Structure formats: C-alpha cells, structure tokens
Student: 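My questions will all concern the structure given below.
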Amino acid sequence: MSDILEGLNESQKEAVLYFSSPLLVLAGAGSGKTRVITHKIMFLNKELGIPVNRILAITFTNKAAKEMKERVVNALNLEEEPQWITTFHSLSAKILRYEAENIGYGKDFVIYDEEDSKKLIKDIVEESNLDKDLYKPDRVKNIISQIKQNLDESVLDFYAMQLPHIKAIYQKYQEGLIFSNAMDFDDLLLNVVKLFTENEDIKQKWQNKFDYILVDEYQDTNKIQHQILKLLVGNRDCITVVGDPQQCIYTWRGAHPENILSFEEDFPNTKIIKLERNYRSTQKILEAANKVISHSKGRWKEKVLKLWTDKNKGEDLKLVKLESDKQEAAFIAYQIKELIKQGYKYSDIAVLMRMSFLSRNIEEAFVRMSIPYQIIAGLKFYERAEIKDILAYLRFAFNPKDTQAFKRIINLPSRGIGKSTLNKIQKSYVEDWYQALKDSYETLSKKVKYNLQTFFEVIDFIKKYGNEKPAETAKYLYDSIDYEEYLISKYPKDYEDRIANVQELFTAFEEIEKRGKTLQEFLEETSLEQAQDNIEDSNSVKVMTVHASKGLEYPVVFIAGVEDGIFPSGRAFEDVEQMEEERRLFYVAITRAKEHVYLTLAKYRSSFGNSFNETKPSRFIKDIKEYLKVLSSKPKKKTDNSLSATSTNTGIRVGSLVKHEVFGKGVVKELKPPKAKVIFEKVGEKELLTKFLKAI
DNA sequence: AAGAACCAACTTTTT
DNA sequence: GTTGGTTCTT
Ligand SMILES: Nc1ncnc2c1ncn2[C@@H]1O[C@H](COP(=O)(O)OP(=O)(O)OP(=O)(O)O)[C@@H](O)[C@H]1O
C-alpha cells in the first residue's frame with residue numbers, strides 16, 4: 001500500500017486509513033497531526049482516486065496551506081497546485097465571490113480591515129451624537145465581533161445594559177457595510193453560513209464539490225467556522241479534523257478549548273484517535289511543556305494523552321535574568337553569535353515574545369551585532385498608511401460605493417475638500433460616490449472643481465487599465481496625484497522609507513501582472529494576509545510573537561520578556577479564563593523548540609521609551625524550575641567589531657557596499673540601529689532603515 | 001480648509 | 001515613540 005504510509009506511526013496510519021465515520025484526532029504538540037492531514041490527502045488521491053480538487057483541506061495560516069500544497073504537489077507529481085487547500089477566510093472569500101449576488105452583495109465587494117471597520121464605527125458614533133468616550137471604536141468593534149462570532153445576539157442584550165445604544169450602532173454598522181458593498185472579517189464567514197442556510201440548492205452545489213474535508217488546528221476554530229463545516233459536510237462522514245485543546249490560543253476570536261470536544265455532538269459517531277509520541281523536542285523540553293500544561297484546569301485535559309519521546313534527554317532549559325531590556329536584547333544577540341560558532345545557522349533560531357513591541361530592542365541589538373534577522377509581526381506591509389492610500393484609490397475605482405476608501409482619498413492630496421464640501425457631495429448621493437461627485441460637481445467651488453479634474457482622470461484611468469496593467473496604472477496614479485510630493489511634505493522624517501514601500505508595492509503589481517492575476521484577486525489576498533506569510537527562507541533569525549509561531553518549529557527558541565505583566569499579559573490577571581489562555585500560550589511557545597530553549601527577562605524594563613519599571617519574573621517560571629538552569633549573564637563587551645569581522649553573514653556594517661531600491665548604490669557611513677547613514681552614489685547622504693538595504 | 005503646535009493615551013494577541 | 005486628536009491661527 002505505497003509509500004504514503006511510510007513515515008507514519010501506527011496511530012497516524014490508523015487516522016489516515018479511517019473513513020467509516022467523522023474522525024477527530026486529538027493530540028499534543030509535535031505529535032504529527034499536520035502530517036496526518038497531508039498524508040491523508042495523498043492517500044485519498046492516490047489510493048482512492050479522488051481528484052485533489054475535490055478535497056477541501058483547511059489550515060490555520062496561509063503559510064501552512066502553502067507548505068501543504070507543496071508537499072502534496074511533490075508527492076503526487078501534480079502539474080497544478082490544488083485549489084482547495086486553504087484557510088477558512090480565503091475559502092469563504094472565494095465562495096462569496098461566486099455567490100455574492102445571492103446574499104445582496106455585488107461581486108466586487110471589498111473586505112474592510114480593522115481600520116476601515118473602526119473608522120466606520122467612529123463615523124456612526126459621531127453622526128448619532130453619542131458619547132465617544134463611552135462608545136470607543138475599539139470597544140464597540142470588539143462587541144460586534146463577539147456577537148458575530150458567537151452566532152448569538154443575546155450578547156447584545158448583555159452589553160446593552162451598559163451601552164444602551166449599542167444595538168442601534170450594530171444595526172447602523174451592518175447597514176454601513178452593505179451600503180459600501182463591504183464585509184468585515186467576521187462577515188466573510190457569517191455570510192457563507194447565511195448563504196448556505198438560506199439557499200438549499202447553493203449549499204448542495206458546494207457540498208457536491210467536495211468528497212472529503214480535512215481541518216488542521218481545529219482547536220482554534222470558532223462557532224461560525226464549525227457551522228460552515230457542518231453545512232459543507234451535511235449528513236456525510238467525510239471529515240477529519242485534528243487539533244489540540246492545549247494549544248487553543250485564539251479565544252479572543254471566538255475559539256474555545258471546549259469546542260473541539262463538542263465536535264462529537266455535532267458529528268454523530270465521531271471516532272477519536274489519539275497520538276502520544278512527540279517527534280519534535282528533546283525529553284527535557286517536552287517534560288517542561290507537559291509540566292506547564294499539567295497546571296491548567298479544564299475538562300479537556302484528560303482527553304489528550306501525555307506525550308513521550310525517545311529523543312535524548314537534551315539540555316536543561318535556560319533562564320537568563322538581565323538588568324534591563326536593552327541588556328536582554330544584547331544577551332540574545334550575543335548568545336546567538338555563540339550558537340553560530342557551535343554550528344547552528346541563523347535560520348535555526350527563533351525569538352518569540354508575548355507582545356510585538358518587545359521586538360524593537362531586539363532588532364536594535366541585531367543590527368548592532370550584524371545578525372541577519374526577519375521580524376514577523378508589527379505593522380504589516382498592507383496596513384501601512386502609504387500602501388493603504390494607493391490601494392484605496394484602486395478599491396474606490398472598482399467599488400465606488402466604498403465609503404471608507406472614498407473618504408480616505410477624496411482629499412488626498414489636499415484638494416480643499418473638507419466637511420462642508422463633503423456634505424454637499426453627500427446630498428447628491430443616489431447610486432455611489434462617483435455618481436454623487438459628478439452630480440454635485442457644478443455646485444462646488446472653483447478651486448475644488450479644478451482639483452477634481454485630476455481625480456476623475458485618475459479614477460477613469462484605473463477603471464480602464466487597472467485590471468490589465470496594475471503596475472502601470474499604479475505608477476500613473478502615483479505621478480498624477482503627485483503622491484511623492486505629498487509623502488515628502490507629510491512625513492519629512494521618514495518619507496524615504498515610505499517611498500521605498502510604495503516602490504515595493506509596484507514590484508508586487510508587476511509580479512501579479514506576470515502571473516496573470518487580476519487586481520481584484522490581489523486586493524483580496526492582501527486583506528487576508530497573515531504575518532507568517534512573509535517568513536523568508538533566507539538564513540536569518542526569525543523574530544515573532546508566540547501567536548505568529550503557531551505550527552512552526554525551530555532547533556533553538558528564545559522566549560523574551562518572561563515577566564509577569566508581559567508573559568502572562570497583565571490583562572489576564574483578573575480573569576481566570578484568560579490566565580488559562582496565557583498558560584496555553586506558554587505551552588505553545590516552549591513546544592516550538594526542538595533542542596534549546598532560552599527564557600530571558602529584564603529586571604527593569606522601560607515603558608514608552610522613558611521611565612524604568614521594576615518587573616517580576618513570570619509566574620510560569622516556578623512551574624518548570626526543575627527543568628531550568630539559571631544562567632548568570634555574561635559580561636557585556638562594548639564593541640562587536642571582532643565578532644562581526646569573523647562571522648560570515650549578510651549583515652550590514654560600516655563601510656559595507658549596499659543597494660537600495662530607489663536610491664541605488666551607496667556606502668554605509670554610520671549605523672544608528674535600526675537605521676543607517678548611507679552615502680549614495682547619485683543622491684548623496686540619506687538616513688534610512690537598514691532593512692531596505694541589501695549588502696552587495 | 002489647512003497646517004502648526006501641543007497633548008493624550010496607548011500596546012495583548014490578528015483574520 | 002507613535003499615532004491620533006484637539007485647538008488655534010492663517
Ligand atoms: N511518524 C513520524 N516520524 C517521524 N517524524 C514525524 C512523524 N510524524 C511527524 N513527524 C515530524 O514531527 C514534527 C511535528 O509534526 P507536525 O507538525 O505534523 O505535528 P503537529 O502535531 O501538527 O504539531 P503542532 O501541534 O505543534 O502543530 C515535524 O517535524 C514532522 O516532520
């Protein structure tokens with residue numbers, strides 16, 4: 001029975017071969033759950049003759065989907081990538097593109113990100129003359145999300161006690177989205193449920209598309225996602241899900257460790273298979289992880305077998321206490337250099353943290369020590385203002401109902417359009433903003449009229465050429481509205497970075513032009529992008545939040561900021577449930593490691609750059625102290641020239657010859673982490689972020 | 001309506 | 001250390 005079953009243990013084989021009823025694979029970290037899914041796809045195709053495009057496999061991240069696709073393509077010698085190995089959100093977006101008209105949307109609907117959604121809420125609160133301190137967009141958006149994720153409007157009644165207008169806001173928010181032909185992230189899922197429940201024939205059609213459905217990381221799915229699965233499976237047996245309630249870390253997005261146990265209730269005759277062998281970590285790491293999770297409460301605990309491994313004992317986990325956050329970062333950098341000397345590669349190493357702002361110090365230390373790194377967190381590329389500005393123009397051209405995009409671009413660059421002009425335009429609104437603008441045109445002031453001419457030209461140009469020639473279109477847009485000028489005057493301090501970002505966007509457009517993708521598809525992809533997606537294969541240390549490390553593994557893992565208030569987060573102090581999640585998060589962090597774990601903490605940490613606060617070691621430390629070795633911090637050396645001179649890395653040093661997308665070739669004059677002063681051949685001296693520089 | 005100048009309140013985690 | 005908001009001036 002073929003090589004597909006090779007490299008699987010007995011329980012994994014059983015899981016791959018089981019088809020008699022719905023299957024739930026419950027197992028701890030690193031036990032080969034994902035491998036079960038991948039091999040089951042191969043088996044379904046190769047041994048049972050099911051076309052890969054009739055198999056739906058859902059992963060948590062795009063990156064996991066990509067890797068799974070690659071494995072399957074290689075193992076089965078496929079000519080084309082499987083279409084339906086994807087995430088819940090991408091799947092939903094794909095379904096809704098086909099079916100939008102059936103639920104009252106145009107098929108050019110846009111996806112509103114968090115920022116768009118919050119701005120909409122802010123507008124509503126303003127228009128309704130409500131107390132904007134009470135109805136903070138953050139809070140309101142959270143509540144609305146909770147309602148949508150729990151398929152339960154009684155949540156609304158609960159909050160209505162404190163916030164009497166929350167119901168009205170919710171309603172106006174939904175109206176506002178539909179008005180703009182837009183969906184938020186939750187709608188993406190919710191509308192699939194709506195579509196399927198209201199249209200039996202459409203549901204049938206999609207059921208018939210798939211012969212088998214597999215889901216990875218099931219513990220982090222929420223009720224709507226579960227509902228989508230139910231609707232797609234119908235009363236068939238064709239589903240396998242794998243998961244680990246101990247690794248549930250997205251309860252704030254509607255997941256719950258208990259959910260995975262109720263899978264049985266919704267899918268009758270569910271068979272449960274448990275895996276108990278860990279293939280990832282050394283004994284000590286595994287035991288420490290087991291210990292962490294053994295302190296957790298919750299009835300799901302006994303449902304998962306305790307893991308064992310026959311790997312060697314390995315080394316103790318290390319705990320290193322440093323005086324300050326700067327020294328913590330310096331230690332990590334120093335220790336990485338030591339590991340490199342021992343033969344590890346930069347890409348063997350990950351630095352994990354609970355909160356993304358901790359990466360700042362680490363980045364600085366890495367630049368100083370010439371350690372190649374990649375930060376997988378923080379402001380994502382497509383959330384940057386300059387990127388969103390350009391995209392908003394494109395969005396608006398294709399979907400002129402998009403109110404948030406319209407408001408963003410109508411006075412960007414400044415065209416003399418403020419509140420009162422906007423009101424005039426709004427009065428003419430019938431069909432969409434483009435029409436409103438045209439119809440109100442004659443009533444506007446001379447200056448505005450003049451300025452709007454370019455605006456119309458640009459929008460018309462995008463409409464005409466945007467889909468075929470996105471790169472050229474974007475460049476035309478950039479020139480016509482003098483966007484560079486705008487960036488320079490608005491961001492005198494860092495406009496270079498921003499221009500470079502836009503340049504990078506153009507490159508991405510050229511890419512999609514080559515691959516024959518539509519702009520529409522591109523916009524959708526970017527809104528569903530995840531931090532993990534950008535992880536490079538390059539030989540660099542990966543720096544990320546614990547959340548972003550889901551499903552990944554590294555020989556060496558540093559966990560920074562292991563302090564009460566950071567890990568666990570201070571927000572979890574009063575809430576038992578949340579503290580439980582912090583514990584699971586800590587479990588996830590440790591179980592990413594194969595060979596070495598370093599926990600680091602700073603006795604004093606500066607908040608917001610100035611005041612130093614004394615910290616307390618994380619409460620999780622004492623749970624694993626029997627596996628911990630406390631290291632004294634090494635004496636600090638002031639300079640690192642000797643180190644960087646001997647190491648062969650791609651880091652940038654004073655004197656390095658470098659290249660920049662926009663400014664061309666130059667020489668590094670001075671390092672000011674994370675920036676560098678560079679003298680360029682053509683444009684002279686500039687100060688910019690080193691990440692935009694390539695050593696040559 | 002735009003821009004300067006000043007202030008406040010942040011930072012979980014993210015599709 | 002940033003981002004967004006407010007207030008004042010032009
Ligand atoms: N039967 C096996 N024999 C040897 N190695 C295996 C086997 N199954 C899985 N592995 C390896 O163990 C590691 C963890 O596997 P996998 O990612 O599938 O686990 P997982 O249970 O999905 O982990 P997590 O819960 O952390 O996402 C991988 O490096 C994988 O290649």
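Atom set for the values below is all heavy atoms of this structure, side chains included, hydrogens, waters and symmetry mates excluded. This is a predicted model, so every value here is computed, not measured. All chains are named by letter (A, B, ...) in the order of the sequence lines, taking the proteins before the strands, and each is independently numbered beginning at 1.
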Student: For A:Thr34 and A:Glu67: C-alpha separation, side-chain torsions, deciding distance, then whether side-chain contact (heavy atoms from CB on, under 4.5 Å) applies.
Tutor: CA-CA 11 Å; A:Thr34 304; A:Glu67 279 174 12; over 6 Å; no

Student: Report the distance from atom CD of A:Glu217 to atom P of B:dT13, rounded to the nearest whole Å.
Tutor: 20 Å

Student: Under a 4.0 Å N-O cut-off, is there an ion pair linking A:Arg408 with A:Glu115?
Tutor: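 Answer for the salt bridge query: yes.
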
Student: Of the nucleotides B:dA1, B:dT14, B:dT15, which has the atom closest to the A:Phe185 side chain?
Tutor: B:dT15

Student: Classify A:Thr87 by what it touches in the nucleic acid, base, sugar-phosphate, or nothing, heavy-atom distance under 4.0 Å.
Tutor: nothing

Student: Would you say the side chain of A:Leu188 lies within less than 4.5 Å of the side chain of A:Val192, judging by non-hydrogen atoms?
Tutor: no

Student: Does A:Ile249 reach a base, just sugar-phosphate, or nothing at all? Heavy atoms under 4.0 Å.
Tutor: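 Since no nucleic acid heavy atom lies under 4.0 Å of A:Ile249, the category is nothing.
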
Student: Has A:Trp252 got its ring stacked on B:dT13, by the test of a centre gap below 5.5 Å and a plane angle below 30°?
Tutor: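 According to the criterion (under 5.5 Å, under 30°), yes, A:Trp252 stacks.
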
Student: If you check every side-chain atom of A:Arg360, which of C:dG1, B:dT15, B:dT14 has the closest atom?
Tutor: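 Closest of the options to the side chain of A:Arg360: C:dG1.
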
Student: Hey, which sits more toward the 5' end of DNA chain B by its nearest nucleotide, A:Asn411 or A:Glu582?
Tutor: A:Asn411

Student: Rounded to the Å, how far apart are A:Glu126 CD and C:dG4 P?
Tutor: 15 Å

Student: For A:His226 and A:Tyr218, run side chain to side chain donor-acceptor pair (under 3.5 Å): C-alpha distance rounded to whole Å, both residues' side-chain angles, the deciding distance at 0.1 Å, then the answer.
Tutor: CA-CA 9 Å; A:His226 178 84; A:Tyr218 190 81; 2.4 Å; yes

Student: I need the CD1-P distance between A:Ile144 and B:dT15, as an integer number of Å.
Tutor: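 My rounded result for the distance is 20 Å.
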
Student: Looking at A:Asp220 and A:Arg253, is there a salt bridge between them, counting it only when a charged N and a carboxylate O are closer than 4.0 Å?
Tutor: no

Student: Side chain of A:His89: nearest nucleotide among B:dT13, B:dT15, B:dA1?
Tutor: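 Per side-chain heavy atoms of A:His89, the pick is B:dT15.
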
Student: Starting at CZ of A:Phe586 and ending at P of B:dT13, how long is that distance when rounded to a whole Å?
Tutor: 18 Å

Student: Side chains of A:Lys148 and A:Gln174 only: does a donor on one sit below 3.5 Å from an acceptor on the other?
Tutor: yes

Student: Please report the distance, rounded to the nearest Å, between CG in A:Asp220 and C1' in B:dT14.
Tutor: 12 Å

Student: Please figure out whether A:Ser569 or A:Lys447 has its closest DNA chain B nucleotide nearer the 5' end.
Tutor: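 The residue mapped nearer the 5' terminus is A:Lys447.
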
Student: From C-beta outward on A:Ala548, which listed nucleotide comes closest to its side chain: B:dT15, B:dA1, B:dT14?
Tutor: B:dT14

Student: Between atom NZ in A:Lys118 and atom P in B:dC10, what is the gap in whole Å?
Tutor: 13 Å

Student: From CD1 of A:Ile111 over to C1' of B:dT14, roughly how many Å is that when rounded to an integer?
Tutor: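 Value for this atom pair: 15 Å.
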
Student: When all nucleic acid strands are considered with a 4.0 Å heavy-atom cut-off, which category describes A:Lys122: base, sugar-phosphate, or nothing?
Tutor: sugar-phosphate

Student: How would you label the contact of A:Gln149 with the nucleic acid (heavy atoms, under 4.0 Å): base, sugar-phosphate, or nothing?
Tutor: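 No contact at all - A:Gln149 keeps every heavy atom at 4.0 Å or more from the nucleic acid.
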
Student: From the set B:dT14, C:dT2, B:dA1, return the single nucleotide nearest to any side-chain atom of A:Thr545.
Tutor: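 The nucleotide sitting nearest to the side chain is B:dT14.
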
Student: Considering every strand and a 4.0 Å limit on heavy-atom distances, what is the contact class for A:Glu114: base, sugar-phosphate, or nothing?
Tutor: base

Student: Closest approach to the side chain of A:His547, judged atom by atom: which nucleotide of B:dT13, B:dA1, B:dT15 is it?
Tutor: B:dT13

Student: What is the distance from OH of A:Tyr450 to P of B:dA1, rounded to the nearest Å?
Tutor: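 My rounded result for the distance is 20 Å.
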
